[in-house]
Amino acid sequence: MDLTVMIPELLSALPLTLAIMFVALIAGFVLALMATTFRVRRILVLSQLADLYVSYARSVPVVLQLFVAFYGLPVFVALFDMKDFVTPTLASMVGLSLYHGGYLSEVIRPAWLAVERGQHDAADSLGYSFWQKLTRVAGPQALHIALPGYGNAVIYMIHNVALVMYIGAADIMATAHLVMERDYNQYQFSTYLVLGVLYSLLCLISWLIVRVFERRFSRYTSKTAPSRIKLTASI
């Protein structure tokens with residue numbers, strides 16, 4: 001099989017694949033922050049709902065969550081007379097966002113709880129609001145702790161986005177199957193090999209980006225960090 005023909009065909013589906021992945025990563029991150037906030041602050045009813053959501057996202061296979069989104073969204077939007085609004089791409093984004101948010105919540109919550117209690121008390125004694133404490137004191141420290149787990153979550157997302165082909169989304173994997181069927185499945189090995197290289201490159205790029213952020217936020221756990229906090233408190 002001519003790779004100069006196959007590779008451009010596969011790359012033509014890359015923009016949609018990346019769009020699904022980025023939307024799921026962003027929406028999932030927002031959902032994870034909300035779920036973590038409810039669970040950490042133990043807000044009545046909301047915290048129990050957040051626990052239930054995280055349990056669903058972590059317990060149910062990702063492909064089943066995609067089917068739930070694909071068949072469940074039309075039922076929901078039918079209440080607003082928007083049946084034609086649901087597409088396989090939208091269902092993929094919703095399903096992966098719900099999965100990623102629940103999974104990521106279990107990365108962020110332990111990281112937040114791992115920050116020393118004294119850091120929270122010091123911020124409270126200085127009159128910091130919850131948002132100020134989040135952005136200036138505990139948040140940067142928790143972020144450094146959570147980054148390795150977040151990097152794994154991103155890699156899992158890259159892997160799981162390949163499952164959207166089962167609900168009809170035209171991602172790279174679906175395009176590869178169309179290419180193989182067109183050629184009567186003669187070049188399965190070479191096609192899957194190229195797919196493996198593409199997914200590996202996406203994972204490598206994601207890992208390198210996370211490593212950059214890990215180095216950037218490593219100063220918040222350095223040996224000199226307590227002295228800077230004491231100096232700030234004394235001022």
Side-chain angles (χ1 to χ4, degrees), residues 20-70 72-73 91-120 123 130-131 133-164 166-167 199 202-218 220-221:
I20 294 173
M21 185 179 69
F22 285 135
V23 169
L25 287 174
I26 295 171
F29 183 75
V30 174
L31 289 173
L33 287 180
M34 294 172 60
T36 302
T37 301
F38 295 151
R39 299 176 73 201
V40 169
R41 306 193 74 177
R42 302 313 301 175
I43 301 174
L44 188 62
V45 179
L46 292 179
S47 61
Q48 284 76 21
L49 291 175
D51 289 337
L52 183 62
Y53 158 61
V54 171
S55 177
Y56 163 79
R58 298 180 65 210
S59 303
V60 178
V62 180
V63 67
L64 182 54
Q65 294 186 46
L66 289 171
F67 282 123
V68 170
F70 183 69
L73 274 179
S92 301
M93 293 175 178
V94 172
L96 290 178
S97 297
L98 291 173
Y99 153 75
H100 186 63
Y103 182 89
L104 192 58
S105 176
E106 278 299 280
V107 174
I108 298 176
R109 187 179 68 91
W112 178 265
L113 296 176
V115 178
E116 294 181 9
R117 183 62 199 173
Q119 302 289 324
H120 297 275
F130 178 76
W131 177 253
K133 182 167 65 173
L134 178 65
T135 56
R136 298 183 183 181
V137 181
Q141 298 177 66
L143 182 60
H144 177 260
I145 298 171
L147 272 174
Y150 179 73
N152 289 333
V154 173
I155 290 176
Y156 294 154
M157 175 61 71
I158 295 173
H159 295 167
N160 290 326
V161 77
L163 298 174
V164 302
Y166 291 112
I167 60 174
Y199 281 113
L202 290 175
C203 291
L204 177 61
I205 294 172
S206 301
W207 177 78
L208 291 175
I209 293 174
V210 172
R211 286 292 295 171
V212 170
F213 281 100
E214 282 184 10
R215 292 192 184 96
R216 178 178 179 182
F217 285 95
S218 62
Y220 293 106
T221 56

- Message: With side-chain contact (heavy atoms from CB on, under 4.5 Å) as the criterion, how do Phe38 and Asp51 come out once you've worked through the C-alpha distance, each side chain's angles and the decisive distance to 0.1 Å?
- Response: CA-CA 9 Å; Phe38 295 151; Asp51 289 337; over 6 Å; no
- Set of side chain to side chain donor-acceptor pair (under 3.5 Å) partners for Ser105, sequence neighbours left out: Thr36, Arg39
- Distance col, row Trp112:CH2 vs Gln141:CD, nearest 0.5 angstrom, shows 9.5 Å
- Item | Residues, nucleotides or ligands: over 12 heavy atoms within 6.0 Å of Arg41 CZ | no
- Are the side chain of Gln48 and the backbone N or O of Val45 linked by a donor-acceptor pair below 3.5 Å? yes
- Determine whether more than 12 heavy atoms belonging to other residues, nucleotides or ligands lie under 6.0 Å from atom CZ of Phe67. yes
- Note on the structure: Interatomic distance, CZ@Arg211 vs CZ@Arg216, rounded to 0.5 Å, equals 16.0 Å
- Side chains of Tyr56 and Leu52 in contact at under 4.5 Å (non-hydrogen atoms): no
- Task: Could you grab the distance from atom NE2 of His100 to atom CG of Asn160, nearest 0.5 Å is fine?
- Result: 10.5 Å
- Task: Could you tell me the separation between the CD1 atom of Ile155 and the CG atom of Leu204, rounded to the nearest 0.5 Å?
- Result: 9.0 Å
- N/O donor-acceptor pair under 3.5 Å between Gln65 side chain and Val60 backbone: yes
- Task: For the residue pair Tyr150 and Val154, establish whether any side-chain heavy-atom pair is separated by less than 4.5 Å.
- Result: yes
- Atom CG of Leu202 and atom CH2 of Trp207: how far apart are they, to the nearest 0.5 Å? 15.5 Å
- Can you tell me how far the CG atom of Leu104 sits from the CG atom of Asn152, to the nearest 0.5 Å? 11.0 Å
